[in-house]
Amino acid sequence: MPIGDIKSINQPSMSSSNGNIPVSEYHDCIKKVQEAFPSPKYHSSLPHVLSSLRRLYYGGTLFGHLLPLSRAITIPVLIWERPKPEDLLPDWNDKNTLSKLKQRASENGINDNPSPYLELTLNGRQELIDVGHLLLTFDALLHPTTTIPYSSYDVPNIDPASWIADVAIAVYWHDIFLNKGKYALKEAEFTTIGGDDKNALINKILSKSQFSPDDFFSWSAPDSDLLGDIDGFVMKHLSSMHPTETLSEIFNRYYIQPPKDTFARKRYWFFCFLNELNYNYATQDWEDINYIRSKYNPRIDRCVDLFYSGFWSLPGSVSPPSKKSYKDTSMFLQLFLDWLKPRLQEELRTVHGKSLPKSGKMF
């Protein structure tokens with residue numbers, strides 16, 4: 001993909017409306033949460049604030065199973081009472097801040113996304129970042145222990161929480177389409193969504209007479225979702241480097257402080273490092289595509305097994321793991337790598353300039 005073809009699926013409005021919120025405003029909302037529920041009284045350390053925000057977008061039984069050790073802000077209790085973790089934010093009396101936090105971006109229909117999009121201008125390009133994906137990825141990396149059915153399917157909790165799931169959903173939908181036809185997708189997981197039009201995505205799919213793999217990938221892994229996934233990985237790494245800082249301070253380091261110093265400027269390098277996606281400067285391609293496939297194809301397949309089990313629709317009625325290998329897993333993994341590579345290359349040129357290496361590996 002040529003660099004000039006890198007475009008956002010949605011165009012930022014740079015106003016706190018219609019489900020989009022400038023990253024500086026979201027940062028201010030995080031600060032207000034921290035001020036309203038100070039630690040240690042409300043047990044609102046970075047992980048607790050992070051989880052409380054994440055639960056606004058991805059909560060309930062499914063994510064309780066996925067992140068059993070994640071804890072939200074807790075209510076102070078008498079010493080002889082059993083502490084009960086409880087998400088205070090939905091009942092918070094700062095309705096203005098809460099309404100900003102609970103905005104829903106428009107991904108396929110009107111305000112159908114679980115979370116708002118963060119608006120950011122980075123290296124001269126305007127971006128929309130799915131903050132729900134960001135927080136879910138960050139939370140899963142902070143709390144890597146999971147439980148059934150994820151553990152039964154050999155699925156680490158980061159996989160359904162981040163980019164691997166976005167790729168796996170495309171594999172799953174495409175597999176249903178090839179084997180059962182497009183109308184079977186009406187019964188598939190993740191095609192009924194929230195917002196004002198719960199059928200927005202399936203209507204978009206059914207309106208097409210022909211499909212390409214790119215269609216499935218664009219539906220399952222839009223730019224905003226993938227940017228949220230990537231920033232969740234890198235922001236968690238940044239937090240590990242500054243373990244005493246609050247969530248608002250980490251957001252500031254990552255997105256807001258003087259633009260030339262923000263950590264987000266090197267997001268793709270760090271994401272590749274953290275996921276062992278090595279790049280060769282001489283060939284301008286991935287160092288070892290076979291290694292990448294051997295590492296990630298089985299993990300994508302296990303997520304597809306989980307999706308086919310029906311767990312997401314009917315928690316508790318999960319069939320035994322099938323451990324299948326799916327025909328087009330490598331193809332959809334390659335589509336993700338093709339999406340990632342030109343962005344990494346552009347970043348390397350921006351950061352290194354004329355000193356960009358001509359040979360060797362990134363790491």
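All residue numbers in this chain count up from 1 along the given sequence.
- With sequence neighbours excluded, the residues forming a salt bridge (charged side-chain N to carboxylate O under 4.0 Å, His left out) with D139 are R54, listed by chain and number.
- Residues H27 and F251 place their aromatic rings such that the two centres sit no closer than 6.0 Å.
- Looking at S207, its side chain does come within 3.5 Å of a backbone N or O of K204 through a donor-acceptor pair.
- Of all heavy-atom pairs between R349 and L356, the closest is CG-CD2, 3.9 Å.
- Partners of T246 by side chain to side chain donor-acceptor pair (under 3.5 Å), not counting sequence neighbours, listed by chain and number: S248, E249.
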Notebook entry, point to check: Should Q334 and D338 be marked as a side-chain hydrogen bond (donor to acceptor under 3.5 Å, both in side chains) after you check the CA-CA gap, both sets of side-chain angles, and the distance that decides it?
Noted result: CA-CA 6 Å; Q334 188 64 52; D338 290 346; 3.0 Å; yes

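- Linking Ile, Leu, Val, Met, Phe, Trp and Tyr whenever their side-chain heavy atoms come within less than 4.5 Å leaves I148 and Y153 in two separate clusters.
- D223 is not listed as a side-chain neighbour of I129, based on a closest heavy-atom distance of 4.5 Å or more.
- The line from CZ of F271 to CG of L227 is 10.5 Å long, rounded to the nearest 0.5 Å.
- Shown here is K180, whose NZ atom has no more than 12 heavy atoms of other residues, nucleotides or ligands within 6.0 Å.
- In this structure, I176 and A184 approach most closely via the heavy-atom pair CG2-CB, 3.8 Å.
- Not one N or O on the side chain of S162 forms a donor-acceptor pair closer than 3.5 Å with the backbone of I158.
- Between atom CG of residue L348 and atom CE of residue M362 there is a gap of 6.5 Å, rounded to the nearest 0.5 Å.
- Under the 6.0 Å cut-off for aromatic ring centres, F177 and F211 qualify, their centroids lying closer than that.
- Expressed to the nearest 0.5 Å, how far OG of S70 lies from CG of L50 amounts to 7.0 Å.
- Taking the side chain as every heavy atom from C-beta outward, T191 and W173 approach each other to under 4.5 Å.
- Scanning for ring-ring contact (aromatic ring centres under 6.0 Å, His included) contacts around Y172 gives F307, Y308, with sequence neighbours left out.
- Of the possible donor and acceptor atoms, none in the side chain of W163 sits under 3.5 Å from a partner among the backbone N and O of G228.
- The stretch residues 153-162 participates, sequence neighbours left out, in these salt bridge (Lys or Arg N to Asp or Glu O under 4.0 Å) pairs: D154-K323, D159-R299.
- Partners of F37 according to the ring-ring contact (aromatic ring centres under 6.0 Å, His included) rule, which considers only residues two or more places apart in sequence or in another chain, are Y42, W92.
- Between I73 atom CD1 and Q34 atom CD the span is 9.0 Å, to the nearest 0.5 Å.
- Judged by distance alone, with hydrogens and angles left aside, the side-chain atoms of S52 form a donor-acceptor pair with the main-chain N or O of H48 at under 3.5 Å.
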Next item on the list: Any chance you could lay out the side-chain hydrogen bond (donor to acceptor under 3.5 Å, both in side chains) test for R55 and S51, step after step, and finish with the verdict?
Entry: CA-CA 6 Å; R55 291 181 189 199; S51 179; 3.2 Å; yes

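- The two residues T262 and Q257 have their closest heavy-atom pair at CG2-O, 3.0 Å.
- Proximity of N278 to Y291: side-chain heavy atoms (C-beta onward) are nowhere separated by under 4.5 Å.
- Checking side-chain atoms of T192 against main-chain N and O of K198 turns up no donor-acceptor pair under 3.5 Å.
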Next item on the list: Under the side chain to side chain contact (heavy atoms under 4.5 Å, CB included) rule, what do N275 and F233 come out as? Steps first, then yes or no, please.
Entry: CA-CA 9 Å; N275 287 270; F233 266 95; 3.6 Å; yes

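- The stretch residues 129-150 participates, sequence neighbours left out, in these ring-ring contact (aromatic ring centres under 6.0 Å, His included) pairs: Y150-F311.
- Not one N or O on the side chain of T146 forms a donor-acceptor pair closer than 3.5 Å with the backbone of P156.
- Within the 4.5 Å cutoff, the side chain of C272 has heavy atoms near those of the L344 side chain.
- For the atom pair T147 OG1 and L69 CG, the distance stands at 9.5 Å (nearest 0.5 Å).
- Applying the salt bridge (Lys or Arg N to Asp or Glu O under 4.0 Å) test to pairs two or more places apart or on separate chains, none has a residue in residues 166-176.
- With sequence neighbours excluded, the residues satisfying salt bridge (charged side-chain N to carboxylate O under 4.0 Å, His left out) with E245 are R253.
- In this view, F363 and W269, F273 satisfy the ring-ring contact (aromatic ring centres under 6.0 Å, His included) rule, not counting sequence neighbours.
- Residues E107 and D130 share a closest heavy-atom pair of OE1-OD2, 4.4 Å.
- Panel note: side chain K182, backbone L206; a donor-acceptor pair is recorded below 3.5 Å.
- Residues passing the ring-ring contact (aromatic ring centres under 6.0 Å, His included) test with F263, sequence neighbours excluded: F270.
- Summarising the geometry of A140 relative to N157, their closest heavy-atom pair is O-OD1, 3.4 Å, with the distance given to 0.1 Å.
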Check: So T137 and K236, side chain to side chain contact (heavy atoms under 4.5 Å, CB included) or not? Walk me through it.
Finding: CA-CA 9 Å; T137 296; K236 192 277 178 182; over 6 Å; no

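- Side-chain N or O atoms of D301 include none that pairs as donor or acceptor with a backbone N or O of P298 at under 3.5 Å.
- Taking each heavy atom of P243 and S240 in turn, the nearest pair found is CD-O, 3.6 Å.
- Side-chain contact check for S106 versus N20: every heavy-atom pair is 4.5 Å or farther apart.
- A donor-acceptor pair under 3.5 Å links the side-chain atoms of E347 to the main chain of Y268, judged by distance alone.
- Partners of K208 according to the salt bridge (charged side-chain N to carboxylate O under 4.0 Å, His left out) rule, which considers only residues two or more places apart in sequence or in another chain, are D215.
- Under the 3.5 Å distance criterion, the side-chain polar atoms of S359 are left unmatched by any main-chain donor or acceptor of A282.
- Between K100 and D94 no salt bridge is recorded (no basic side-chain N to carboxylate O distance below 4.0 Å).
- Between W219 and F190, the gap from one ring centroid to the other reaches at least 6.0 Å.
- Under the 4.0 Å criterion applied to side-chain N and carboxylate O atoms, D305 and R302 are assigned as salt-bridge partners.
- Look at E127 and R267 and you find a salt bridge, because one of the NZ, NE, NH1 or NH2 atoms lies within 4.0 Å of a carboxylate O, short of that distance.
- For residues 279-291, the set of pairs meeting the salt bridge (Lys or Arg N to Asp or Glu O under 4.0 Å) definition, not counting sequence neighbours, comprises D285-K341.
- Side-chain contact check for F336 versus L226: some heavy-atom pair is nearer than 4.5 Å.
- Put simply, the side chain of P160 reaches to within 4.5 Å of the side chain of L66, judged on heavy atoms.
- A side-chain donor-acceptor contact under 3.5 Å links Q345 and Y279.
- By the 4.5 Å heavy-atom criterion applied to side chains, Y57 and N113 are not counted as neighbours.
- Between the CG atom in L98 and the NZ atom in K32 there is a gap of 12.0 Å [rounded to 0.5 Å].
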